[in-house]
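Okay, so here's the structure we're looking at.
One-based numbering, in listed order, for ligands and for the atoms of each. In what follows, every heavy atom counts, from backbone to side chain, and hydrogens, waters and symmetry copies are set aside.
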Amino acid sequence: MVFRGTWWLPLALVALTCALQCALVLGDADFESVRVLMTKDSSGKAGDPKEKYWHESTFHPHLDGRFIDHDLKYEDQQTNLTSLMQSYLSTMADLGAETWIIHGTLMGWWWNRKIMPWDSDVDVHVSADTMHFLASYYNMTIHTCRTEHAPRGKNYMLEVNPKWVNNSPEDSLNTIDARWIDMLSGVFIDITAVHRTPKRPGMMFCKDDHHYREADLFPLRDSVFEDRPVKIPYNYAELLQQEYGRVSLTRTRFAGHTFNSTSQTWTRNSKS
Ligand SMILES: *[C@@H]1O[C@H](CO)[C@@H](O)[C@H](O)[C@H]1NC(C)=O
Ligand SMILES: *[C@@H]1O[C@H](CO)[C@@H](O)[C@H](O)[C@H]1NC(C)=O
Ligand SMILES: *[C@@H]1O[C@H](CO)[C@@H](O)[C@H](O)[C@H]1NC(C)=O
């Protein structure tokens with residue numbers, strides 16, 4: 001009889017706690033909810049349109065301003081991108097999530113199986129099914145990975161844009177479906193889902209309005225990238241030529257770098 005009149009109080013408390021937790025889960029991944037070292041948010045959030053999910057930093061389009069407040073030095077960018085790529089490939093392999101490299105990242109593979117030193121980001125694809133899987137079970141998960149350049153381990157976060165489910169290229173502010181983000185240096189991988197469309201059998205498209213023949217992507221080939229197993233599109237040479245022109249596959253001077261065919265590396269031209 002002690003609880004007469006107030007028997008509902010514990011229930012109400014449970015309901016309230018649930019509501020608060022759900023509110024947290026559904027909230028925007030804003031600076032306060034994810035920050036590690038920074039005390040000030042350097043994401044371009046304030047200036048971005050409201051419908052845009054990602055807020056790149058105010059000082060560099062390929063750095064996440066929630067995690068860093070300055071540009072990276074040339075060498076630091078390279079080692080951080082290499083670790084980023086390695087951590088992503090290992091983690092996706094562990095999760096059983098199929099992914100393959102594309103755009104400038106695939107071009108880097110073509111030359112020497114490495115990210116090109118002037119590239120400041122990494123691009124990968126996943127299927128729509130895989131994106132659904134990542135969004136359902138791994139959104140906002142943090143993965144600690146050890147790599148050659150980060151032997152003591154670094155934290156990487158997988159974040160999925162809730163607008164990925166709308167695959168219309170007209171939603172042009174949200175063409176990046178997910179990101180794999182280095183929570184210390186702010187570098188990230190753009191992850192884009194590839195969709196089939198009943199309107200054009202045999203063709204596939206991404207929200208960023210790139211179109212592919214299914215036969216140019218699949219079956220994926222096995223290779224190595226940044227010393228890790230990787231998948232690449234079946235017709236990689238054709239895709240690279242379409243995107244960057246035939247000459248891009250043979251030109252050994254580009255973006256202030258020269259390809260040394262002995263060492264198989266791009267080296268930065270000296271300023272003199
Ligand atoms: C990443 O950049 C930081 C500087 O921001 C540097 O100290 C570090 O060595 C770089 N490389 C890795 C893998 O963390
Ligand atoms: C992922 O989590 C963030 C932060 O809670 C949230 O804003 C976003 O909507 C979530 N994405 C999906 C696909 O649910
Ligand atoms: C190319 O790399 C080789 C081997 O590392 C080196 O000996 C050579 O000096 C390099 N060539 C140029 C032009 O830098």
Atom 5 (O) of ligand 1: the protein heavy-atom neighbour that sits closest, reported with distance to 0.1 Å: L72 CD2, 3.4 Å
Look up atom 14 (O) of ligand 1 and tell me if a protein heavy atom lies less than 4.0 Å from it? yes
Considering the heavy atoms of S263, write down every atom of ligand 3 situated less than 4.0 Å from one of them. 2 (O), 4 (C), 5 (O)
Taken to the nearest 0.5 Å, the spacing of R213 CZ from Y234 OH works out to 10.5 Å
Between E148 and R228, is there a salt bridge with N-O shorter than 4.0 Å? yes
For atom 2 (O) of ligand 1, which protein heavy atom lies nearest, and how many Å away is it? N80 ND2, 2.3 Å
Among all protein heavy atoms, pick the one closest to atom 11 (N) of ligand 1 and tell me residue, atom and distance. T79 OG1, 2.9 Å
Salt bridge flag under 4.0 Å for residues D41 and R35: no
With respect to N260, determine whether any N or O atom, backbone or side chain, lies less than 3.5 Å from an N or O atom of ligand 3. yes
Between T147 and ligand 1, which part of the residue brings a heavy atom under 4.0 Å of the ligand: side chain, backbone, both or neither? neither
For I101, which of M85, H125, M107 qualifies under side-chain contact (heavy atoms from CB on, under 4.5 Å)? M85
Quick check: A135 and ligand 2, any N/O pair under 3.5 Å apart? no
N or O pair under 3.5 Å between K154 and ligand 1: yes
Could you grab the distance from atom CG of L217 to atom CD1 of I232, nearest 0.5 Å is fine? 11.5 Å
Evaluate S83 for polar contact with ligand 1, using N/O atom pairs at a separation under 3.5 Å. no
One thing to verify: whether R179 and E56 come together as a salt bridge, which I'm taking to mean a side-chain N less than 4.0 angstrom from a carboxylate O. yes
What distance separates K231 NZ from F218 CZ, expressed to the nearest 0.5 Å? 10.5 Å
What part of N139, side chain from CB on, backbone N/CA/C/O, both or neither, has a heavy atom under 4.0 Å from ligand 2? side chain
Looking at L81, L184, D76, the heavy atom closest to atom 4 (C) of ligand 1 belongs to D76
Nearest protein heavy atom under 4.0 Å from atom 9 (O) of ligand 3, yes or no: no
Taken to the nearest 0.5 Å, the spacing of N155 CG from M183 CE works out to 6.0 Å
In ligand 2, the atoms that come under 4.0 Å of a heavy atom of Y53 are 3 (C), 6 (C), 7 (O), 8 (C)
Please round to the nearest 0.5 Å and tell me the distance separating atom OH of Y156 and atom OH of Y88. 14.0 Å
